[in-house]
Each structure stands twice: as structure tokens, then as C-alpha cells.
There are 2 protein chains.
Amino acid sequence: MTLYHPPREQIELADVLNALGHPIRLKIVRSLAEQGECACSAISLDISKSTATHHWRVLRESGVIRQQQSGRTIMTSLRREDLDARFPGLLGVVLGGRSPELAAAAGHPGGDTA
Amino acid sequence: MTLYHPPREQIELADVLNALGHPIRLKIVRSLAEQGECACSAISLDISKSTATHHWRVLRESGVIRQQQSGRTIMTSLRREDLDARFPGLLGVVLGGRSPELAAAAGHPGGDTA
DNA sequence: TCTAACGTACGACAACTTTCGTACCGTTTG
DNA sequence: CAAACGGTACGAAAGTTGTCGTACGTTAGA
């Protein structure tokens, strides 16, 4: 069980967009943004375990999320810093609000995506 | 030949991301952003005509581009306003630079975000 | 140690995508 | 009118994706 993650510099925009271009994966990413790091089972999806594993893999291998084993669960989190470094603003757009960059540039404090 | 376009309010993020999550379509969108409105044949892709038609259709039906017949060519353009209204900043991210919104909010033309 | 929980691995299958060739259609131009 | 041009429509083939069930591996706890 290797859990491959691409290094930051190898994260490709087309791969990321492709990974995010599916309703279930978009939901996963939004839940992750809300809840922060959490076990896979903390995000309830109405699909089988093996299908869920497939979607986590797509997100992980495209560079959107990071997964690491911790006890008998796998803790999953958004690769916010890597994504922001590589494609500034993308996460903000995807999370449905203003991007943190946009809020910062406008000079409003507390511009955090809920 | 109906050339369906979704109305602005029906443009879905997942569909747009999915459409953009393919190298050829990403290239089309970037060319369109550079060149402005143009005939399909003005963007050279190393694929057959029917394959190109397929990719234009995906972009059109997801709401990314607009196509209208003009004489014997079809003029194609980015749906910038619709996309900016629906998903502010997305186009900026995809076009590889800062978003126009970000630059406007920052209020200085040459502002370089680290 | 035995069992339960969490999640992956594998194999299968259906559905969708990507690609192409060929045929076609509407417009312009000789 | 006929031919050339720009592009779509259709059908087919190959590849990829999304889905599931079952089996498995690891860790935690009784």
C-alpha cells in the first residue's frame, strides 16, 4: 500500500481540473476544506467503499489531496499550500467563495473560506 | 445543426472543470484567450477534423465557449463574462496568470504575487 | 488471541470518452 | 451550376472511467 503522491512541481493543471471535474470528487474536496484533515469515513458518500477508494486515489494521484496512514484509519487532507503555490486562486474558485488571494488583495481581513 | 449552449445560470462547475481537464481543450481555451474570437481552423491542433469537432462540442456544451455560424465558418469565442460571473477567478487561473479580478482588486497593474 | 473496524486490491462489467474515416450539408466563389 | 471550403453527423473501434462485490491486510480493543 504505497499511496503515491506527486511532488508539488509535478502537479499538472489538466490533471487537477480533471480530478475536480466530477461531482463526487468536488464534494469530497469541499468537505475536506470545511472539516480539515479527517478520516475517509468522516465524509459520507452514498457509494461503496471500493468506489470511494477509487475517487480518493484520483484526487491523491493528481495532487489534490494528501493521505497518510494513522493507526487503522487514513487521514486525508487538502494539499492547500501546494495547490496555492502552483495554481493560485484555483482552490478559492472551487470552494465556491472568493479566493483567499482575492480577499487579501482587496484588503478585507478574515477572508477565510468557511 | 443546432449548436446548443447552456444558459449562464445552468453552467455547472463540475462540467466546466471536466471540460478544461483535457490537454487539447486546455490548449484550445488558451489559444482562444490569446486570439479572441476566431474560426475553428485558426487554432491548429494535430488531430482530425472530427476529433476537433468533438472537443469543441464538449467545451460548448459545458458553457466554456460560444460558437456561431458566420458564412461558411463557425466563429468561436470564450464565454468570458458568463464564466467570470459564475466562477470568478477561474478563467484567470486556467489562463496561467493572475485573474483579471485579482489585479483589479489589488488596484495596481503590474502587481506580482509571489 | 480473536474479532471488529477501516480501508485497499483485485477482477469484472457497463458506460463514457477519445479517436478516426467517410459521408454529408450549407456557403462562397469560379 | 459546380466545385471548393469549413465544419458537422454518424458509426466504429479502442481506451479510460466509474461502479460494484469479494477478499485481503493492518490496527485496536475485548
Side-chain angles (χ1 to χ4, degrees), chain A residues 1-6 12-29 31-32 35-78, chain B residues 1-6 12-29 31-32 35-78:
Chain A
M1 204 167 49
T2 324
L3 293 184
Y4 170 77
H5 297 79
E12 293 293 335
L13 181 57
D15 293 338
V16 170
L17 295 176
N18 185 256
L20 296 173
H22 185 289
I24 288 182
R25 293 194 293 258
L26 211 43
K27 181 178 175 185
I28 290 176
V29 167
S31 298
L32 236 30
Q35 304 181 25
E37 186 172 48
C38 62
C40 296
S41 56
I43 297 173
S44 73
L45 307 164
D46 295 336
I47 54 177
S48 72
K49 284 198 300 178
S50 37
T51 301
T53 293
H54 163 71
H55 289 299
W56 281 312
R57 185 207 295 266
V58 172
L59 287 169
R60 178 168 39 76
E61 294 188 346
S62 67
V64 176
I65 65 174
R66 170 169 289 115
Q67 296 189 288
Q68 45 197 329
Q69 192 105 24
S70 166
R72 67 183 160 188
T73 77
I74 288 183
M75 296 305 286
T76 302
S77 55
L78 269 181
Chain B
M1 204 168 48
T2 324
L3 295 185
Y4 169 78
H5 297 79
E12 292 292 337
L13 181 57
D15 293 338
V16 170
L17 294 176
N18 185 256
L20 296 173
H22 186 288
I24 289 182
R25 293 194 292 258
L26 211 42
K27 179 177 175 184
I28 290 176
V29 167
S31 298
L32 237 30
Q35 304 181 26
E37 185 171 49
C38 63
C40 294
S41 55
I43 297 173
S44 73
L45 307 164
D46 295 335
I47 54 177
S48 72
K49 285 198 299 180
S50 35
T51 301
T53 293
H54 164 71
H55 289 299
W56 281 312
R57 185 207 296 265
V58 172
L59 287 169
R60 178 169 39 77
E61 294 188 345
S62 67
V64 175
I65 65 173
R66 169 168 289 115
Q67 297 189 290
Q68 46 196 327
Q69 192 106 23
S70 166
R72 68 183 160 189
T73 79
I74 288 182
M75 296 306 285
T76 302
S77 55
L78 269 182

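Protein chains get the first letters and strands the later ones, always in sequence-line order, with residue 1 at the start of each. Atoms considered below: every heavy atom in the structure, side chains included; atoms not considered: hydrogens, waters and symmetry mates.
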Verify the contact: side-chain N or O of B:His55 to OP1 or OP2 of C:dT17, cut-off strictly under 4.0 Å; return yes or no. no
To the nearest angstrom, the CD1-P distance between A:Ile28 and C:dG7 comes to 12 Å
Winner on side-chain proximity to B:Arg25, out of D:dT17, C:dT18, D:dA9, is C:dT18
Per atom distances to the B:Ser50 side chain, the nearest of D:dT8, D:dT27, C:dG21 is C:dG21
With the side chain defined as heavy atoms from C-beta on, A:Cys40 is closest, among D:dC10, D:dG6, C:dG7, to C:dG7
Shortest non-hydrogen pair, B:Tyr4 vs B:Arg60, comes out as O-NH1, 2.9 Å
Taking every heavy atom of B:Pro6 against every heavy atom of B:Ser62, the minimum-distance pair comes out as CG-C, 4.0 Å
Ranking D:dT19, C:dT19, C:dG7 by distance to the side chain of B:His22, first place goes to C:dT19
DNA chain C nearest-nucleotide lookup for A:His54 and B:Lys49: closer to the 5′ end is A:His54
Note: B:Cys40 and B:Gln67 closest approach over all heavy atoms is SG-NE2, 3.8 Å
Closest of D:dC10, D:dT19, D:dG21 to the A:Ile24 side chain is D:dT19
message = At less than 4.0 Å, is any side-chain N or O atom of A:Thr51 found next to OP1 or OP2 of D:dC20? Yes or no.
response = yes
B:Met75 atom CE is separated from C:dT27 atom C1', nearest whole Å, by 15 Å
Q | Donor-acceptor under 3.5 Å (A:Arg66 side chain, A:Ser77 main chain) | A | no
In whole angstroms, the gap separating C1' of D:dT8 from CD of B:Gln67 amounts to 10 Å
DNA chain D nearest-nucleotide lookup for A:Gly71 and A:Ser48: closer to the 5′ end is A:Ser48
Those residues at least two apart in sequence (or on a different chain) that pass salt bridge (charged side-chain N to carboxylate O under 4.0 Å, His left out) with B:Glu37 are none
Closest of C:dC6, D:dC20, C:dT19 to the A:Ile47 side chain is D:dC20
Could you check whether B:Ala52 gets within reach of a base, just the sugar-phosphate, or nothing at all, counting any heavy atom under 4.0 Å?
nothing
From CG of B:Asn18 across to C1' of D:dT16 the rounded distance in Å is 13 Å
Taken to the nearest whole Å, CG/B:Leu17 to P/D:dT17 is 16 Å
| message | So A:Thr53, base contact, sugar-phosphate only, or nothing? Heavy-atom distance under 4.0 Å. | response | base
Taking C:dG21, D:dG7, C:dC6 as options, the one with an atom nearest any side-chain atom of A:Thr73 is C:dC6
Taken to the nearest whole Å, CZ/B:Arg72 to C1'/C:dC24 is 17 Å
*Do A:Ile74 and A:Leu3 come close enough that some side-chain heavy atom pair is under 4.5 Å?*
yes
B:Arg57 has its side chain closest, among D:dG7, D:dA9, C:dA4, to D:dA9
Here the distance between atom P of D:dT27 and atom CD of A:Gln69, to the nearest Å, is 7 Å
A:Tyr4 atom OH is separated from C:dT8 atom P, nearest whole Å, by 18 Å
